[in-house]
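Convention: sequence-line order gives letters A, B, ...; per-chain numbering from 1. Everything numeric here is computed off the predicted structure, so don't read it as measured data.
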Number of protein chains: 2
Amino acid sequence: MISTREKILNESLDLFAAKGYHGTSMREIAKAVGIKGSSIYNHFSGKEDIFSELFNYLAPLNLESEKFQEKFMAADTDPLKVLNYFANIVIEEMQDNNKVKLLKMMLRENNNPVVKKRLQSRMKNNIERITKFFAQLQQQGKIKSNLEPAFTANEFVSALIYYRMRYLLFELDSFEELKEATQKHICFFWENIREK
Amino acid sequence: MISTREKILNESLDLFAAKGYHGTSMREIAKAVGIKGSSIYNHFSGKEDIFSELFNYLAPLNLESEKFQEKFMAADTDPLKVLNYFANIVIEEMQDNNKVKLLKMMLRENNNPVVKKRLQSRMKNNIERITKFFAQLQQQGKIKSNLEPAFTANEFVSALIYYRMRYLLFELDSFEELKEATQKHICFFWENIREK
DNA sequence: CCTACCGATCGGTAGG
DNA sequence: CCTACCGATCGGTAGG
């Protein structure tokens, strides 16, 4: 059974993602949950509280990349497989409704200092991990020696984020097109960086 | 001399970009202009009117890429120069304060149907143009024959947009870093696609 | 361009 | 979890 507190969080996420924080009222959230506006205050101290609690509520979703750190750095795995593995995580995120809504909300409210910090650290962490991965591949002589690992990581990630934006924000592509474009990018990119 | 109407548009753009449409009140806009809230209605029929008039007011800024269409397609120009030329347009946009604010506002309010349409058509048009450019290069035997022009266009653009996002939205990079990364991307990308 | 004002709605509280 | 209510602020209007 889903608790009222959880219902409030779910409906808030939905509304904040679609209409923005200031575009959503407490009464709207309450109506979506099926209670009166004042009843929300039995579960949260205010609107800001709901917003910030959303990040704790959905925190487990944010840790995915750490789980795969060791996979990244396993020296013996096929590099192309690791790249595919990483891309699949990014894509599968897009099939998780809550994750999609959280991302949409964060992009909308990106001027909020808490949101900005989270977006920044998420981006930074991912780039750092992939940079290390490429640096290792270079030491092993598997990718071209003239590549800067950090630059390579950014170039790799740029298309993943771009295709995701097309799907998520601009709604220019279907989910199938997102998958296909990402797949193509990985093949193209790997061909360009691998030592032949 | 700048008119009150223009002052209202400028201050609205500023506030909408920073705090969002719903996060900005008519009285806030008026205060920034230096008049009372009710006086705005001598220039605009309402808040929505200001928002939509912003696009007409800033329309000249949106036409840049059409001006350069012929430059793109001039068969004899050095392709690398054309790519650089395009990238410079993208970068120079980021030095125009109004352009930056407009983009921030549009990304914020991307769920607004008018905004969504504009973002989509802008993206589509750019991709179409660059696709034609790459198709032409391919016919001329200047880039690899196995490349799909549309895919190549998306891959080219993805990093430009990514580095811009880092600068604009995430504020991870300085303007200098934006320029440098974009420059590097073009060289790297061109080396990967050109027929040797 | 202002003062004065409208009804509606906002986030939030009291008290049960 | 509700009813009833708070002061503040919202977008907008009337009238000068």
Sequence neighbours left out, what passes ring pair (Phe, Tyr, Trp, His ring centres under 6.0 Å) with A/Phe188? Give chain and number order.
B/Phe151

Listed by chain and number, what are the ring pair (Phe, Tyr, Trp, His ring centres under 6.0 Å) partners of A/Phe189, not counting sequence neighbours?
A/Phe156, A/His185

Is there a side-chain contact between [X] and [Y] (heavy atoms, below 4.5 Å)?
{"X": "B/Val33", "Y": "B/Lys7", "answer": "yes"}
{"X": "B/Leu147", "Y": "B/Phe134", "answer": "no"}
{"X": "B/Leu119", "Y": "B/Met106", "answer": "yes"}
{"X": "B/Arg164", "Y": "B/Met94", "answer": "yes"}

Return the orientation label for the A/Phe16 and A/Tyr21 ring planes: parallel under 30°, perpendicular over 60°, tilted otherwise.
tilted

For DNA chain C, which residues in residues 35-52 of chain A have a heavy atom at a distance below 4.0 Å?
A/Ser38, A/Tyr41, A/Gly46, A/Lys47

Sub-4.0 Å heavy-atom contacts from residues 14-27 of chain A onto DNA chain C, ordered by number
A/Thr24, A/Ser25, A/Met26, A/Arg27

Strand contacts (DNA chain D) in residues 1-10 of chain B, 4.0 angstrom heavy-atom criterion
none

With sequence neighbours left out, write down each residue that passes salt bridge (charged side-chain N to carboxylate O under 4.0 Å, His left out) with [X], or none if nothing qualifies.
{"X": "A/Arg27", "result": "none"}
{"X": "B/Glu180", "result": "B/Lys184"}
{"X": "A/Glu177", "result": "none"}
{"X": "A/Lys104", "result": "A/Glu171"}

Outermost contacting nts on DNA chain D, any atom under 4.0 Å from chain B heavy atoms, listed 5' then 3', are D/dC10 to D/dT13

Only counting residues at least two apart or in another chain, list the ones meeting side-chain contact (heavy atoms from CB on, under 4.5 Å) with B/Ala87.
B/Leu160, B/Thr182, B/Ile186

Dot-bracket assigned to DNA chain C with the 3.5 Å Watson-Crick/G-U criterion, [ ] for crossing and | for other-strand pairs, is ||||||||||||||||

Cationic N near anionic O, under 4.0 Å, A/Arg122 to A/Glu93:
yes

Is there a donor-acceptor contact under 3.5 Å linking the side chains of A/Glu155 and B/Tyr163?
yes

I'd like to know whether B/Asn10 forms a side chain to side chain donor-acceptor pair (under 3.5 Å) with B/Tyr57, so could you lay out the CA-CA distance, the side-chain angles of the two residues, the decisive distance to 0.1 Å, and finally the verdict.
CA-CA 9 Å; B/Asn10 287 335; B/Tyr57 177 54; 3.1 Å; yes

